[in-house]
K.L.:
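Quick one: structure below, then a few questions.
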Amino acid sequence: MSTKHFLHLRAPGNWINDPNGFIYFKGYYHLFYQYFPYGPQWGTMHWGHAVSTDLVHWQHKGIALFPTKEYDKNGCFSGSALNIDDTLYLYYTGVKYKCADEENIHVPKNNEFFSAQAMITSDDGFTFDNFNGKKEIIPQINDLSVGHPSHTRDPKVWKSDDTYYMVLGTQVKDSEDTYKGRLLFYTSTDAVNWSLGGTFDGQIGGYMWECPDLFTCGTDDVLVVSPMGYFKDGLNCPDQAVCVTGAFDEKNCRLKINDNARPVDYGTDFYAPQTTTDKDGRRIIIGWMRMPEVVSDGDTQWIGMMCSPRIVQVIDGHIYFKMHPETEHAISHSVSYKQLHDNCLSAGYNKPFRIRLAVKNDSQINIGGYKIYLKDNCLYTDRTAVYPGDNNPRLVVHTPPLADKCDLDIIVDGHLIEIFINDGYDVLSQIVYNLTGAVAIENPASEPEFMM
């Protein structure tokens, strides 16, 4: 497999979801991902593998992890990577079904399955011995007061001083006999043998917390987690990625969070993100963009893609997600509106472009049917004309009220539009289908700048 992608990594064919094992290792950015190689739908999870030297040009390298053991016989689910003495350690959740569906062995019957945590290593970051190199490190949890035997997953591992830490997402029942999300913290001195160090039940919401990520950003600790059931408005995609600042007590594995929890991205498609540091030491994040329909490119059918990597910064207590300099550099050639117009009509929005401008409350932007406007100082988007209307979708979304300005930096790339607001103070990214027609901008607050 040698499929190459520019700017946004997408499925090489078939299905992808969560980013896994995101790391800069021996000269390459490695991005693994949940992958079902047999069709464009969710199924038995493998780890696909892509690499880049600049976070912009990506090349798929095939399958890295696949089921071989009793504890991962039905899937190698999400996890993370760590560089230990120039060896790449991958940590993941192994899944086995209580019973497979008779009509589709790639899904569990009645959604009953069991989860354990496992690891595998690689000297070069490209070759993995799936038959002899795996090790189960945390067996299935059976103590319901600690976590759930099925829904404990997505290990994120890091090192601080001489101790390795792991955070897992799980769920437990509360006093009302309903499920709530929980984090489990484990510690290790050798990155192989792990002991439970603490738990966290914060008031973030949701009945199950997926893909937790805890890291230090400047003087703040930041938690990013994806609560299932975060929205309760009855619309599709109620599960969302959330961020919050806080403080982690390493010695006692205790986490305290502030009251500033909010979605990482207000577009509602962004989910299950993972962070790492780039080659210059900056904290960066990348997330899965959920898609409702399969895309057909000639003989290839695919579904699922990633957003562009973003820099995470905490400024005056607020978590920013800024466009990465490599992305800015990759789409920095100024063009005229006529050149942009001709590209949109001739290339069908298949060549990425960028628009920078300021907007005000009577501004209107229409990008091939995708509408952007400011109302009561909130930035709204409306994708009714460029998104499937089935399954009760979220068509109109908006940010919280903005302060005294609304500067936009917009990336358009076929099926994905990313809007960076006020240099990443907020971000709103959405999946779209069938953008057609020209870009139209009415009453901007500044002269638009177009780049390709």
Side-chain angles (χ1 to χ4, degrees), residues 17-23 25 30-34 45-47 64-65 67 69 71-72 74-84 87-96 113-122 128 130 133-141 143 146-160 163-172 181-200 208-215 222-228 241 248 250 253 255 271-276 285-288:
N17 56 286
D18 306 5
N20 300 153
F22 189 25
I23 192 171
F25 180 73
H30 294 258
L31 183 60
F32 303 86
Y33 49 84
Q34 294 286 271
M45 284 295 114
H46 298 52
W47 277 32
L65 303 187
K69 303 298 182 182
Y71 54 79
D72 73 4
N74 297 113
C76 300
F77 280 66
S78 293
S80 59
L82 197 63
N83 180 353
I84 302 176
T87 297
L88 185 65
Y89 282 57
L90 297 185
Y91 298 88
Y92 69 98
T93 298
V95 164
K96 63 177 180 180
F113 59 93
F114 305 104
S115 299
Q117 315 312 316
M119 62 173 287
I120 190 172
T121 64
S122 171
F128 300 90
N130 282 268
K134 293 176 177 176
K135 179 180 177 62
E136 185 182 45
I137 53 175
I138 301 176
Q140 169 190 320
I141 292 176
D143 185 346
V146 174
H148 198 281
S150 300
H151 300 292
T152 301
R153 54 182 172 265
D154 310 334
K156 180 63 189 289
V157 179
W158 71 97
K159 185 181 183 183
S160 181
T163 302
Y164 296 93
Y165 295 88
M166 175 190 295
V167 59
L168 292 166
T170 190
Q171 63 176 193
V172 291
R182 167 179 281 184
L183 300 182
L184 303 179
F185 293 105
Y186 286 78
T187 63
S188 173
T189 57
D190 61 5
V192 177
N193 298 285
W194 296 86
S195 300
L196 181 64
T199 65
F200 173 73
M208 166 65 199
W209 290 354
E210 296 192 295
C211 303
D213 196 341
L214 182 63
F215 54 90
V222 175
L223 172 67
V224 175
V225 67
S226 295
M228 301 178 73
F248 181 60
E250 293 181 345
C253 282
L255 176 65
Y271 194 66
Q274 189 167 108
T275 74
T276 189
I285 189 170
I286 196 166
W288 167 44

K.L.:
Is it the case that the side chain of Lys159 and the backbone of Leu82 share a donor-acceptor pair, with hydrogens and angles ignored and the cut-off at 3.5 Å?
P.N.:
no
K.L.:
Compare all side-chain heavy atoms of Val157 with those of Met119 and state whether any distance is below 4.5 angstrom.
P.N.:
no
K.L.:
Specify the closest pair of heavy atoms between Trp47 and Phe32, including all atoms of both residues, with the distance to one decimal.
P.N.:
CE3-CB, 3.5 Å
K.L.:
For Trp158, which of Tyr164, Tyr165, Phe215, Tyr186 qualifies under ring pair (Phe, Tyr, Trp, His ring centres under 6.0 Å)?
P.N.:
Tyr165
K.L.:
Starting at CZ of Arg153, measure out to CD of Gln171 and round the result to the nearest 0.5 Å.
P.N.:
7.5 Å
K.L.:
For residues Gly169 and Pro212, report the shortest heavy-atom separation together with the two atoms involved.
P.N.:
N-CG, 3.6 Å
K.L.:
Taking the ring of Phe248 and the ring of Phe185, is the distance between their centroids below 6.0 Å?
P.N.:
yes
K.L.:
Aromatic ring centroids of His151 and Phe113 under 6.0 Å?
P.N.:
yes
K.L.:
Quick one, Thr152 and Gln117 - any side-chain contact, counting heavy atoms below 4.5 Å?
P.N.:
yes
K.L.:
Provide the closest heavy-atom pair for Ala272 versus Ala241 in the form atom of the first, atom of the second, distance.
P.N.:
N-CB, 4.5 Å
K.L.:
Quick check against the 3.5 Å criterion: does Ser80 have a side-chain atom that pairs as donor or acceptor with the backbone of Pro155?
P.N.:
yes
K.L.:
Do Asp154 side-chain atoms and Cys211 backbone N/O form a donor-acceptor pair below 3.5 Å?
P.N.:
yes
K.L.:
Do the side chains of Thr276 and Gln274 get nearer than 4.5 Å, heavy atoms only?
P.N.:
no
K.L.:
Walk me through whether Gln34 and Asn20 qualify under side-chain contact (heavy atoms from CB on, under 4.5 Å).
P.N.:
CA-CA 7 Å; Gln34 294 286 271; Asn20 300 153; 2.9 Å; yes
K.L.:
Taking all heavy atoms of Val192 and all of Lys135, pick out the closest pair and write down the distance.
P.N.:
CG1-CE, 3.3 Å
K.L.:
Between Ser122 and Phe25, what is the shortest heavy-atom contact and its length?
P.N.:
O-CZ, 4.5 Å
K.L.:
Do Lys96 and Tyr71 have side chains that get closer than 4.5 Å, going by heavy atoms?
P.N.:
no
K.L.:
Nearest 0.5 Å, please: how far is CH2 in Trp209 from CG in Leu223?
P.N.:
7.5 Å
K.L.:
Can you name the nearest heavy-atom pair linking Tyr33 to Asn17, along with the distance?
P.N.:
CB-O, 4.1 Å
K.L.:
For residues Thr170 and Ile141, determine if any side-chain heavy atom of one lies less than 4.5 Å from a side-chain heavy atom of the other.
P.N.:
no
K.L.:
Kindly determine whether Val167 and Phe200 satisfy side-chain contact (heavy atoms from CB on, under 4.5 Å), including the steps that lead there.
P.N.:
CA-CA 10 Å; Val167 59; Phe200 173 73; over 6 Å; no
K.L.:
Distance alone, cut at 3.5 Å: any donor-acceptor contact between the side chains of Asn193 and Ser188?
P.N.:
no
K.L.:
Decide side-chain contact (heavy atoms from CB on, under 4.5 Å) for Phe128 and Leu88; before the verdict, give the C-alpha distance in whole Å, the side-chain angles of both, and the deciding distance to 0.1 Å.
P.N.:
CA-CA 10 Å; Phe128 300 90; Leu88 185 65; 4.2 Å; yes
K.L.:
When you compare the side chain of Pro67 with that of Met45, does any pair of heavy atoms fall below 4.5 Å?
P.N.:
no
K.L.:
Between atom CG of Asp72 and atom CZ of Phe77, what is the distance when rounded to the nearest 0.5 Å?
P.N.:
10.5 Å
K.L.:
So Leu65 and Tyr92, do their side chains get closer than 4.5 Å, heavy atoms only?
P.N.:
yes
K.L.:
How long is the gap from CG on Leu255 to OG1 on Thr199, to the nearest 0.5 Å?
P.N.:
10.5 Å
K.L.:
Taking atom CD1 of Ile138 and atom OG of Ser115, what is their separation to the nearest 0.5 Å?
P.N.:
12.0 Å
K.L.:
Using 0.5 Å steps for rounding, measure from the NE2 atom of His148 to the CZ atom of Arg182.
P.N.:
12.5 Å
K.L.:
When you compare the side chain of Cys76 with that of Lys134, does any pair of heavy atoms fall below 4.5 Å?
P.N.:
yes
